[in-house]
Amino acid sequence: MIKVKERYNYLISKRIFKEYDNIIDIGDYKFHYNNNGYAVYSNKNEVEIIVFGRVINSHDSTQTTKDITDDLLKANNLVELIIKSKKLAGRFVIIYNSYEGFFVIPDATSSIGVAYTICNNELLISSNPKNIADILGWEESYKSKEIKSSALETYVLPYDLTMYDNIKFVIPNHYLNCKTGKVIRYYPLEKTEKITIDEAAEITRERLITIILGYYKNYKLSLPLTAGIDSRTILSACKDIVKNIPIYTFYHENFSEETADIAIPREITSKYDLDYYVLKDLQLPSEIDLLFTKRLGSSKNSFIARNAWTYYNSVISNYTFLNGDIIPIAKSSFGRNLPEIMATTGYLTTKTHNYSKQNKKEIKRWVQAVGKYTKVSNISKYDLFFWEHRIGKWTMNNLMNYDILVDSINPFNCRELIETWLSVPRKSRTKYSIHKKIILHNWPELLDFPINPDKRYQLVYKSSLLFYCASRAKYILEKNKHK
């Protein structure tokens, strides 16, 4: 029998839903979650708080979730609570009820979804928008289907959209005011003080080791390893504990023994005698495919579902895997050296890989909404878009797919880390590598192995003009293929 995990599945409502194992009363609402989830409630002087999920203090990994919840409760107001939460890592949602109101605050990257709607004056909030739609008997909308059909299945809807017109997501850097039903942006609101790339690398290195050690004390960890620098950075931070962490690589159908993502991890793990597994793709059985569709609707990602099924059937299936999908923002992957003036609706739309006119309208809505914030803060639209769309929607949707069968957690999912990276000028982040500086300090020998040795795109990445033109050209070619 398949054990569906979904440990991050929750529902907030004023009604009771018996499908859930546990209910916590907070304010006028009821927080529902299941036995494999983890929620801590604390209250003091008419202020209440729930921290749901897995959370680590990046400054002190010995703190328990109860310690962290009690510390957040010491905040005098919502702003102070958000500031206190910057040092937290993991995957979590904070529910906060005070004299200011009732608020739901996702973690740094909204890695656990906060989907919400108001129907007949009833507010419903859940990790999965389909949970809400099923309660209300709603079907996926024509608009959302039209946008979704204009891209490959792996690509998500833009901005705050879900597959249902009247259900929205709270994207990163925002919180939900449940009294008004409004989503409020809280970052970036002021000018960012710049730091050097060396300072950012040292802060990241220290926090990363603390976070991973905190995870290691609480969970059985595994580590995916490819030829890329993101997974290599995590591996370097695991140097002192890596003998106790199984390492693996997915062997996809288009791979061979000479594929860099197979050959290089095998070479690294062989040299250091590490526990290593190659997980060959398994076909997704029809009943498992149906399970994903039933739970996620059109938010199903068949590629991730297949990865999850392959991992679920491996000898390391009971391990929580570390992934590095967040740290590419440290390289300013969307903007590289492009001038800010070129961060237009048209260019950012190419990064969504969606060819619908409505998709472009939604990107324009986002660009218009963030304009005043990027001006006052000197945070780049390229980086903010990567954070709020690529990580806040795409990565979150991938995690929602993985969560059905397996557990994953990201050591970089910490607001303090992300804000630290964005405090380094983009020119420095693209010219030098925070990743390499971390590896050089933690485990320099790992840099002796090639990093993504495919040289086809290196010239494009080195030239801002070529990178811009290539992004535009690729989008046009893919759009014509999709017609």
#### Entry: Set of residues satisfying side-chain hydrogen bond (donor to acceptor under 3.5 Å, both in side chains) with respect to Asn313, sequence neighbours excluded
none
### Query
In terms of heavy-atom contacts, does CD of Glu287 have more than 12 from other residues, nucleotides or ligands at under 6.0 Å?
yes
### Query
Given the rule in the side-chain hydrogen bond (donor to acceptor under 3.5 Å, both in side chains) test, do Asn301 and Asn398 qualify, once you have shown the distances and angles that lead to the verdict?
CA-CA 7 Å; Asn301 181 329; Asn398 287 351; 3.2 Å; yes
### Task
Look at Lys143 together with Glu146 and state whether they make a salt bridge at an N to O cut-off of under 4.0 Å.
no
### Task
Can you spot which of Arg365, Arg185, Lys393 makes a salt bridge (charged side-chain N to carboxylate O under 4.0 Å, His left out) with Asp160?
Arg365
#### Entry: Pair Thr352, Asn359: side-chain N/O donor-acceptor within cut-off below 3.5 Å
yes
### Query
Going through the checks in order, is the side-chain hydrogen bond (donor to acceptor under 3.5 Å, both in side chains) test met by Asn22 and His32?
CA-CA 6 Å; Asn22 305 291; His32 304 69; over 6 Å; no
### Task
Hey, can you tell me if Phe385 and Trp366 have their rings parallel, tilted or perpendicular (30° and 60° cut-offs)?
perpendicular
#### Entry: Interatomic distance, Arg390 atom CZ to Ile326 atom CD1 [nearest 0.5 angstrom]
13.5 Å
### Task
Just do the side-chain hydrogen bond (donor to acceptor under 3.5 Å, both in side chains) check on Glu388 and Asn173 with the steps written out, would you?
CA-CA 8 Å; Glu388 297 182 1; Asn173 303 312; 2.9 Å; yes
### Query
Can Glu122 and Arg15 be counted as an ion pair, charged N to O under 4.0 angstrom?
yes
### Message
One pair to check against side-chain hydrogen bond (donor to acceptor under 3.5 Å, both in side chains): Asp230 and Thr233. What are the steps and the verdict?
### Response
CA-CA 5 Å; Asp230 298 338; Thr233 304; 5.5 Å; no
### Message
Could you check whether Arg415 makes a cation-pi contact with Tyr187, meaning its NZ or CZ is under 6.0 Å from the centre of the six-membered ring and within 45° of the ring axis?
### Response
yes
### Task
Can you establish whether the number of heavy atoms outside Lys179 located under 6.0 Å from its atom NZ is more than 12?
no
### Query
Are the charged groups of Asp403 and Arg295 less than 4.0 angstrom apart, N to O?
no
## Note on the structure
The side-chain hydrogen bond (donor to acceptor under 3.5 Å, both in side chains) partners of Thr154 (sequence neighbours excluded) come to none
### Message
Please enumerate all residues that pass side-chain hydrogen bond (donor to acceptor under 3.5 Å, both in side chains) together with Glu206, with sequence neighbours excluded.
### Response
none
### Task
Verify the neighbour count for atom OH of Tyr142: are there more than 12 heavy atoms of other residues, nucleotides or ligands below 6.0 Å?
no
### Query
Can we call the ring centroids of Tyr311 and Tyr248 under 6.0 Å apart?
yes
### Summary
The ring-ring contact (aromatic ring centres under 6.0 Å, His included) partners of Phe102 (sequence neighbours excluded) come to Tyr29
### Task
Check each of Arg207, Lys84, Lys86 against Glu416 using the salt bridge (charged side-chain N to carboxylate O under 4.0 Å, His left out) test, and report the only one that passes.
Arg207
### Query
Between Thr320 and Arg54, is any side-chain donor less than 3.5 angstrom from a side-chain acceptor?
yes
### Summary
Residues at least two apart in sequence or cross-chain that pass salt bridge (charged side-chain N to carboxylate O under 4.0 Å, His left out) with Lys87, listed by chain then number, are Asp71
#### Entry: By side-chain hydrogen bond (donor to acceptor under 3.5 Å, both in side chains) - contacts of Arg7 (at least two apart)
Asp407
### Task
Check each of Phe31, Tyr33, Tyr20 against Tyr10 using the ring-ring contact (aromatic ring centres under 6.0 Å, His included) test, and report the only one that passes.
Phe31
### Message
Nearest 0.5 Å, please: how far is CG in Leu225 from CG in Leu322?
### Response
12.0 Å
### Query
Hey, what's the ring geometry for Tyr175 with Tyr186, parallel, tilted or perpendicular (30° and 60° as the breaks)?
parallel
